Amino acid sequence: MLILGVETSCDETGLALYDSAGGLLSHVLHSQVDLHALHGGVVPELASRDHIRRVIPLLDQLLQQTDRRTAEIDGIAYTRGPGLAGALLVGAGVARSLAWALDRPALGIHHMEAHLLAPLLEPEPPAFPFVALLVSGGHTMLVQVAGVGRYRLLGESVDDAAGEAFDKTAKLLGLGYPGGPALERLARQGRQGVFRLPRPMTDRPGLDFSFSGLKTQARNLIRRHEGTEDAAADIAHAFQEAVADTLAIKCRRALTDTGAGRLVVSGGVSANGVIRTRLDDMARAANAEVYYPRLDLCTDNGAMVAYAGWCRMQVGECDGLDFDVRPRWSLASLQPPAAD
Ligand code: AMP
Ligand code: MG
């Protein structure tokens, strides 16, 4: 079964072809980072317009790279939500129209389900059940995963997502957008222990996160040490340490609470090297295994959408004739794959 995946939920246009026999054939991506960097954050209307410009040329490029024709596609999966309404509509519109023209099934996919299944594209995939930590620009959540579509939300951020906190703190430090990678680079020059920021919500039970206070404390430090040489790098270092420790503490708690021996980590923030090392160390101590998607599949991409599409379409699940996108959509409301 050859599945085309289309991702347009935010600021990346991603397309991929997943073949149930051959695995991921190829994925292509256009990141809008340069476009939004001028404005210091994602501008929804610009995102939608850019998706429109990019999606068909990217499809042509994907078909050329894989030496496939549209007639060979057996099904089309697209991101139905959550995300920016206008951006989602571009991918949904293209995917559904193409499916209609080719007389093939289409299926709208939950973006976070795609993220949490992404590590299953790797050569040594995790077995179910596992705990998933999803850390991106829009979400921070811990999910107990018993199988495809069998998700229990263990905890999530009550305010900013981890990636959002990275981006906002980076902005306060005068770094560009997106701030995560820039902050990680600056933190490498920072010294251990010069500043210490709290590990929010780790001193009470539960698996929810809160990152907005961390950003405020970083702002206070930046103001207090304005003009001090090396302060920016030391603050970036302290911020990153606080996020890494907080994520590791909560993941360990989630593994203990659920009795799971496997942790899957996905989403843009999981590209962070310090966070990866901290989670690896935690898992070793907890006698658990950690799984990440390869770096280019950590951030938004079409490959994870194609794969999630295959997981569901292989048993015959597909959209009806009605049409919508879901800018807000709870992951826990999903059901296991079922034929329609
Ligand atoms: P996503 O929402 O999954 O597309 O991922 C984008 C988010 O991941 C943005 O908030 C980025 O700042 C963040 N991000 C990407 N790379 C890193 C990194 N190396 N360290 C921290 N955050 C990162
Ligand atoms: Mg993105």
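Start at 1 and go down the list; that is how both ligands and their atoms are numbered. Just so you know, these numbers come straight off a predicted model, no measurement behind them. Residue indices begin at 1 and follow the sequence shown.
Ring geometry, His115 versus His111: the interplanar angle exceeds 60°, so the pair is classed perpendicular (tilted spans 30 to 60°).
Residue Asn272 has at least one nitrogen or oxygen atom sitting less than 3.5 Å from a nitrogen or oxygen atom of ligand 1, judged on distance alone. Looking at Gly163 next to ligand 1, an N or O pair under 3.5 Å apart turns up. In terms of N/O distances under 3.5 Å, ligand 1 is not approached by Pro178. Not a single N or O atom of Gly267, backbone or side chain, sits closer than 3.5 Å to an N or O atom of ligand 1.
Ligand 1 places these atoms under 4.0 Å from at least one heavy atom of Glu12: 4 (O). Of all atoms in ligand 1, numbered sequentially from 1 with element shown, those under 4.0 Å from a heavy atom of Ser136 are 1 (P), 2 (O), 3 (O). Residue-ligand proximity, Gly268 to ligand 1, at heavy-atom distances under 4.0 Å covers atoms 1 (P), 3 (O), 5 (O), 8 (O), 14 (N), 15 (C), 16 (N), 17 (C), 23 (C). Shown in contact with Asp300 at under 4.0 Å from a heavy atom are these atoms of ligand 1, numbered in order with element: 1 (P), 3 (O), 4 (O).
Of the options Val43, Leu46, Thr13, a side chain to side chain contact (heavy atoms under 4.5 Å, CB included) to Gln32 is made by Thr13 and by none of the others.
Residue Asp167 touches ligand 1 through its side chain alone, judged by heavy-atom distances below 4.0 Å.
A donor-acceptor contact closer than 3.5 angstrom links the side chains of Gln240 and Asn272. For Tyr292 and Asp280, the side-chain atoms include at least one donor-acceptor pair closer than 3.5 Å. Checked by atom type, the side-chain pair Glu226/Thr228 shows no donor-acceptor distance below 3.5 Å.
Applying the salt bridge (Lys or Arg N to Asp or Glu O under 4.0 Å) criterion to Arg199, with sequence neighbours excluded, gives Asp245.
By the 6.0 Å and 45° rule, Arg262 does not stack over the aromatic ring of Tyr291.
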